[in-house]
Every structure is written in C-alpha cells, then in structure tokens.
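Here is the structure we will look at.
Just so we're clear, the structure is a prediction, and the values are computed from it rather than from any experiment.
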Amino acid sequence: MKHKPRQSRTTGWQLATGTALALAAGIVLAAPVAKVHDLAKSEQQAYLDTLRDLVHIESGSRDIEGVTKIAGFAADRLKQLGAETEIIEPKDVYRMDDTPEKTGPVVHATIKGTGQSKIMMIAHLDTVYQKGDLKDQPFRVDGDKAYGLGIADDKQGVAAILHVVDMLKKLDYKQFGTVTVVLNSDEEISSPGARALITKFAQDQDAVFSFEGGGKDGGVRLATSGIGAAYLTVHGKSSHAGARPEGGVNSLYELAHQVLQMKDLSKPEEGLKLNWTLAKVGTVRNMIPPEATAQADARALKVQDFDALEKAMQEKIQNKLLPESKVELKFEVRRPPLEASEIGRKLAAHAQGIYKNELELDMSVADKATGGGTDAAFAAVKSRGGVVEGFGLSGFGAHSNDAEYVQIPTIVPRLYLATRMIMDISEGKMKP
C-alpha cells in the first residue's frame, strides 16, 4: 500500500495544537474524556500492584541476573497485552571507562494499529542499588506516597508504560499506526549497550515520550544536559621519599598542577561545567608516588561545547610543572545533550493543554537543562519527531538510601495524559 505524501498526512503534530491554542485564548475548560479518565482511575490499584512487583525484583545495572529477570517480567506483560515483543542482547556496545564486560538486555515491543502515527515510549529497568539492598527498602505505601528500591528512578516509568498499553487495549483503541516500547537495563551506567538501539528505534517516530519522573511538580522537560567525563593520568618516577626524593618525579605535584590549571574551564552561564571529583595517588607514605590519576565530571548543553572543552584541556596539559613527567588525558561523552526542538515544544504545549483543560492541573515545561542527563537524548539524535522527557509520576529521593518515593495521586493524571496524547496524535489533533 502506498503511503500518502508527508504534507497530506492527517497525523501531523509538528505545529501548535488546537488544545494549546484554546488554552492561550482562554477558552473555558473541557471535561476529561470520561471513558479514559474512568479507566485510568480503575487502573490505580493494578498499577500499584505492578509497581510492587517491579520493586521486588532487584535490578542493579551490573546485576545481569537481576536485569535479565526484570526484562523477562516486562516482556511477558507486553506479550500478554498483544505486543510483538523481543528481548535483545546488545551487540553494539559503546565502551567507556567503567563499562562492564556484559551489559543488560533491552526489551523492544511494538503494538500495531490501523492508522499512520508512530509513537514511542521509553523507560529503564535498572537501578543504582546493590544486590541485597531490597531488604532495607521493600515496597510500602504510607499515606499518599509509595516507597521502595528504585521506585522513582525508574520503575514507576516502566509500570506507567505497561498500564498505558493496557489502557489502549481495554479501550480497544487502534487508531495509531504503531506504539513502540523500549525498556533498557543499563541507563544508570550511561546506556552503553542500549544507546544505539534507542537511537535506531526512535529515528522514524513522530513522538517519543520518556517516562523518567516528573519531579515534585509534575513538569515535563525538553532539554537535558550532556554528560562527559575526563580521565587524567600522570606518570612520574618513584624514589625513596626520605633518602633520595630528588631521584623521583612526583606525580602528585604534577597532578595538583594540572587540576588547578583546569579549574576555571567551566562556563556556568553557558551551561558548561567541569568539576574534578576523584583522585588517586601513591601506595606508601615514604615513596615518591610514580603515578597519579584524577577524574572530572563535565556537563554541557551542546555537543560542540564538549568538543571545545576537550580541546582546551588537551592544550592545558602541555604546560607541565615537572618536565620529566608524562601527562595523558582521555575525554568521553557519556551522554549527548537533549536540546529543545520546536516539535518538542508543541508536543509539550499540547500536554499542558490536556492537563489544564481536562484535568484542571498545572504542568511546567522546562526547555533549559539543569544538569541531569537521560536516555531521551539518545532518542533525539536522529529522530524526526519531538522528544519529551518527564512523563513519569511525581516523586522524590532517587538514588537515596531510604527516602525514594512516588506520589500516588499522580498515577491517574499520568496514565490519562499519556493515553490522551497517543489518541490526539493519532487522530490528527496536532495539525501541520
């Protein structure tokens, strides 16, 4: 069957939407779509049950047994919902300084409809926690909060995607072309195995929604920082620190010199940040240290800023305190930045309209990065559509020992929002 020319498609959503325009014009609020809202409300307890099951599967990024188990859990649920599902063992692994020998699997699922729209939802299955931590942070509900290991980052997002797919099935809604789900298990270690797959699956999508948490205020984000890392190694020469210090080349002195001369390379006003955070030197007190290393965390809003930073750092290390020392610098881009796009802005405006017009809730839209990075950036590398981050529940305490939680009252609005966005995109409510 021949495809219609792109300009005549009725599923375009790359310009301002009717809902957003109505919001700007101050038109009176509309009631929620009853069948969708009622279904979202009826899903709340089932969602909490799914969240409990996910939390109780330990899935640290380097725990291959754990991430394989949780990937199987998610894949089985998607299969039961009628999705064509596969578990992919990544082959094209981007090797970084701390990349493990083996990375976890990626769940890829596709639900086919009768329309033309292509919509993708992403979240990650892995956590930062170590195996055995679950005993101290099991799933529990306390008032309007649900606590648990990895619950905010990002098991709430996985559960949300599973229940949005479930809602589409229960609504018998098929007007989309495809709904694609990608769940990876190496996000917390910069997605070395999943990044190429996320970019590949996202490139022909009309919209990509990433289900990282919506923060305390339930906002969405159109920009995230790029994350880089610098590794500085100084080779000196050992010698007895008491009897013959002049026979050595003190790598600690050279390391200190190098770090200090690079301390002012940050440009906070431009979102460029370089901070030295780790250092290691010496083995015993009475030996001139022969080798010293340091690591720095880098953040940027544009890829070219990383290029300029690396160039500046390479130039700096040519200026040495101790000529006999050898200084090496390695720089890696662990995540590219997600830059706000016009398409993304209009998707976010439509989401704001749904929240305000139909649910009478406010939603912030951040189009400037604040320092964090996510897999949404990999989705945006080649995507022709818009990418919006933060479709997950509101919560707090990610990566904390005992305070990670999600806000239960945001379950219904988030399930409703994602489902309504899929419907409006598929029905051409965001017209070119």
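- With sequence neighbours left out, Ala376 forms a side chain to side chain contact (heavy atoms under 4.5 Å, CB included) with Ser210, Leu338, Thr374, Val387, Glu389.
- Counting only N and O atoms by type, the side chains of Tyr231 and Glu332 include a donor and acceptor under 3.5 Å apart.
- Not a single donor-acceptor pair under 3.5 Å links the side chain of Glu254 to the backbone N or O of Asn250.
- In terms of modelled atom types and a separation under 3.5 Å, the side chain of Thr199 and the main chain of Ala196 share no donor-acceptor contact.
- For the pair Arg195 and Tyr94, the cation-pi test (distance below 6.0 Å, angle within 45°) is passed.
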For this session: Show your working on salt bridge (Lys or Arg N to Asp or Glu O under 4.0 Å) between Glu89 and Lys102 and close with a plain yes or no.
Result: CA-CA 9 Å; Glu89 299 294 337; Lys102 182 176 175 58; 3.5 Å; yes
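- Of the possible donor and acceptor atoms, none in the side chain of Thr178 sits under 3.5 Å from a partner among the backbone N and O of Thr180.
- Salt-bridge check for Arg420 with Asp424: passed, with a basic side-chain N closer than 4.0 Å to an acidic carboxylate O.
- Electrostatic pairing of Lys280 and Glu291 does not count as a salt bridge here, judged by no charged N lying under 4.0 Å from a carboxylate O.
- For the residue pair Glu212 and His124, a side-chain donor N or O sits within less than 3.5 Å of a side-chain acceptor on the partner.
- For the pair Leu54 and Lys155, the tightest heavy-atom approach, listed with the atom from each and the gap, is O-NZ, 2.9 Å.
- Between Leu393 and Tyr47 the shortest side-chain heavy-atom distance falls below 4.5 Å.
- Between Glu188 and Arg62 there is no salt bridge, since no side-chain N of the basic residue sits under 4.0 Å from a carboxylate O of the acidic one.
- Between the Thr99 side chain and the Met96 main chain, a donor and an acceptor come within less than 3.5 Å of each other.
- A cation-pi arrangement is present between Arg140 and Tyr147 under the rule of less than 6.0 angstrom and at most 45 degrees off the ring axis.
- Ion pairing between Arg334 and Asp98 holds under the 4.0 Å rule for side-chain N and carboxylate O.
- Here Tyr253 pairs with nothing under the ring pair (Phe, Tyr, Trp, His ring centres under 6.0 Å) rule; sequence neighbours left out.
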